[in-house]
Asker: 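One structure is given below, represented as structure tokens, and several questions about it will come after.
To find a chain, count down the sequence lines: A is the first, B the second, and so on, and within it residues start at 1. The model shown is predicted, which means the values in this text are computed figures rather than measured ones.
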Amino acid sequence: MFAFQSPQTVQQPPPLFSKHLECAATRSSCRPRPCSFCTLNPAISTSTTTADKNHVIQRLCQKGELKRALRVLSQEPNPTQRTYELLILSCAHQGALAEGLDVHCHLSENGSDQDPFLATKLINMYSELDAIENARKVFDETRNRTIYVWNALFRALTLAGHGNEVIDLYRRMKRVGIPSDRFTYTFVLKACVASEGVLSFSQKGREIHAHILRLGYEGHVHIMTTLVDMYARFGCVKCAGIVFGEMSQKNVVSWSAMIACYAKNGMPFEALELFREMMLKTHDLLPNSVTMVSVLQACGALAALEQGRLIHGYVLRRGLDSILPVISSLVTMYARCGKLDRAQQVFDKMDERDVVSWNSLISSYGIHGFGEVAIQNFNEMIISGISPSPISFVSVLGACSHAGLVEDGKMMFDSMVREHRIFPSVEHYACMVDLLGRANRLDEAATIIEEMRIEPGPKVWGSLLGSCRIHCNVELAERASARLFELEPTNAGNYVLLADIYAEAKMWHEVRRVKKLLEARRLQKVPGRSWIEVKRKIYTFASVDELNPQIEQLHALLLKLSMELKEEGYVPQTGIVHYDLDSEEKERILLGHSEKLAVTFGLINSTKGETIRITKNLRLCEDCHSLTKFISKYTKREILVRDVNRFHYFKDGVCSCRDYW
DNA sequence: ATAGGGTTAG
């Protein structure tokens, strides 16, 4: 059979006998009405030769007729390597595990299972079919393990989330003295990300990085880009930046990886800046849809509506507006910039939708406080034939939580397992704790945690602590924070929350104790920041901001506003100030909050009638919330504030959150 | 001899 195969005929099976020769000669006419040989019928007689049967199987595989191919296989005593390969690929492609096992069996009986080429293909097949055990078995049973076989198993294990195993295997491979190749590293680096344990980053990642440099791969674009991505996923923006900066060759993927690194690690300014640099510095590289997704994400994070609109324009000009991930990120961008109606419009214009597009829409309504609409969209998604993903539930449960729809949320949570066979993750439990906790059903929230079937992570305890803050439950807060201090000792936010709760309860001694703990561990509270986009420029504010040239003017106006509004009924919420000071001092501290400065800046610098849009990196404090309501009423301005969790839309002295947040 | 790799939305 191989004798017939010359390089040119690899793609087209070789003409083997006259009947097929006819077919090959008249291929054009053969297409619409295939000849009887090509369709080859179940009636393949026993008299057909081995070569013929191989050919038939190959044709059937290429046409996706797996079942018939297998039927012929069962009559075929001696399939070629190529035939097996096509069968394996076909099984993988069609998600046919049972058939794949049949092929594997056949191949073992034939003694072909020691062929490292086929072993590689089998491992890939099992990987695609989510049968990692079988992939491992193929590896174990293959005696002649070429680097292809090793790499295939690395890839399979990484995709299945067994990162640690890959690292161990890789080390074993090195010990045994098998040389790795450039492909090995892209898989092993990804495995570092998928591996568990605190030490994964410092030990494994750096270890592999060192090997890569020692082997002289520092000029290899694929490997270096993966390295950038690895550091990005570890949250080490600095390391990613260094690798990126030292790359001798960069392509669109490398740039996109670095932009995504900034966007995903809370540095949206830097993401936009790098995108600008890419556009200016590289003339042969065009950003692609993947790049734009990260850029849009950054716009959304900054609530930079004007920037976002510009990018949207660019997306349209480049014709990237029909790509699903791009549209979904446009929906999210508009919603996060406060333009819920625009988000809905973009969504409406899609001709094709997937779960992610729906999830974008659902969470958009969620952060704007429209819980019912979110649920409605969730149901519409199901009616349209798309099954919810775990993220769909995160989105809809979050929406219920923001809107105080406790019963709906509980029903949703129950339906997860019952109707959709989706088992709740830590994320979902955190949503439920939040939902119940906000609604002042703290006992129920605590019960949920007790009854969890998986280990409650910091997200879950954090939700509980946040709810304790809202409802001033010192006792439960102490329990939650004790767990949190164990689980994430370096997260300053948890200490601050606990101190807030003690302060509200006027337990000054305890406040000082927590603050000392913070100092002893050399942790710093994340400073509150707010920002506002005015005429496509973004201005940021911090409570100790002396850089803004208008700062004096802002302070003066704020003081005047607060005095006037006190006469209208504004009462400064001094209870949230951590220090045991007199009330005048406390008021002064409150007036320094960054969102008040941003609102005032907006009042001065935007045109009347324009909505003022503010973004804040933390949760909105009660005092700012209260004062902003008054400001919206007495200055007749609409003010939109997005905090970490959701939107607050202030109009005529009321907020869209109905004081529930 | 052949084969395979990096960035993506919620």
Asker: I'd like a table of donor-acceptor pairs (distance under 3.5 Å, sequence neighbours excluded) in which one partner is a side-chain atom from residues 292-311 of chain A, with atom names and distances.
Answerer:
{"unit_1": "A:E306", "atom_1": "OE2", "unit_2": "A:R309", "atom_2": "NH1", "d": "2.9"}

Asker: From CD1 of A:I123 over to C1' of B:dA3, roughly how many Å is that when rounded to an integer?
Answerer: 12 Å

Asker: Round to the nearest Å and state the distance from A:D115 atom CG to B:dA3 atom C1'.
Answerer: 11 Å

Asker: Return all side-chain donor-acceptor pairs below 3.5 angstrom for residues 255-266 of chain A, not counting sequence neighbours, or 'none' if the list is empty.
Answerer:
{"unit_1": "A:S256", "atom_1": "OG", "unit_2": "A:V252", "atom_2": "O", "d": "2.7"}
{"unit_1": "A:S256", "atom_1": "OG", "unit_2": "A:T291", "atom_2": "OG1", "d": "2.9"}
{"unit_1": "A:N265", "atom_1": "ND2", "unit_2": "A:A232", "atom_2": "O", "d": "3.2"}
{"unit_1": "A:N265", "atom_1": "ND2", "unit_2": "A:C261", "atom_2": "O", "d": "2.8"}

Asker: Scan residues 271-318 of chain A for pairs that pass ring pair (Phe, Tyr, Trp, His ring centres under 6.0 Å), counting only residues two or more places apart or in two chains.
Answerer: A:H312-A:Y334

Asker: Quick test of your reading: applying salt bridge (charged side-chain N to carboxylate O under 4.0 Å, His left out), list the pairs with at least one residue in residues 118-127 of chain A, sequence neighbours left out, ordered by first then second residue.
Answerer: A:E85-A:K121

Asker: Please work out which residues in residues 379-388 of chain A have a non-hydrogen atom less than 4.0 Å from an atom of DNA chain B and list them by number.
Answerer: none

Asker: What string of B, S and - do you get for nucleotides 4-10 of chain B 5' to 3' if you count protein non-hydrogen atoms under 4.0 Å?
Answerer: BBBBBBB

Asker: Enumerate the ring pair (Phe, Tyr, Trp, His ring centres under 6.0 Å) contacts for residues 365-393 of chain A, please, sequence neighbours excluded, ordered by first and then second residue.
Answerer: A:H368-A:F647, A:F378-A:F393, A:F393-A:H420

Asker: What residues, two or more places apart in sequence or in another chain, satisfy salt bridge (charged side-chain N to carboxylate O under 4.0 Å, His left out) together with A:E165?
Answerer: A:R136

Asker: Ring-plane angle category for A:Y217 and A:H220, please: parallel below 30°, perpendicular beyond 60°, tilted otherwise.
Answerer: perpendicular

Asker: Below 3.5 Å, can you tabulate the donor-acceptor pairs from side chains in residues 181-188 of chain A to any protein atom, sequence neighbours excluded?
Answerer:
{"unit_1": "A:D181", "atom_1": "OD1", "unit_2": "A:N151", "atom_2": "ND2", "d": "3.1"}
{"unit_1": "A:D181", "atom_1": "OD1", "unit_2": "A:F183", "atom_2": "N", "d": "3.0"}
{"unit_1": "A:D181", "atom_1": "OD1", "unit_2": "A:T184", "atom_2": "N", "d": "3.0"}
{"unit_1": "A:D181", "atom_1": "OD1", "unit_2": "A:T184", "atom_2": "OG1", "d": "2.9"}
{"unit_1": "A:T184", "atom_1": "OG1", "unit_2": "A:N151", "atom_2": "OD1", "d": "2.9"}
{"unit_1": "A:T184", "atom_1": "OG1", "unit_2": "A:D181", "atom_2": "N", "d": "2.9"}
{"unit_1": "A:T184", "atom_1": "OG1", "unit_2": "A:D181", "atom_2": "O", "d": "3.2"}
{"unit_1": "A:Y185", "atom_1": "OH", "unit_2": "A:Y170", "atom_2": "OH", "d": "2.8"}
{"unit_1": "A:Y185", "atom_1": "OH", "unit_2": "A:S180", "atom_2": "OG", "d": "3.1"}
{"unit_1": "A:T186", "atom_1": "OG1", "unit_2": "A:F183", "atom_2": "O", "d": "2.8"}

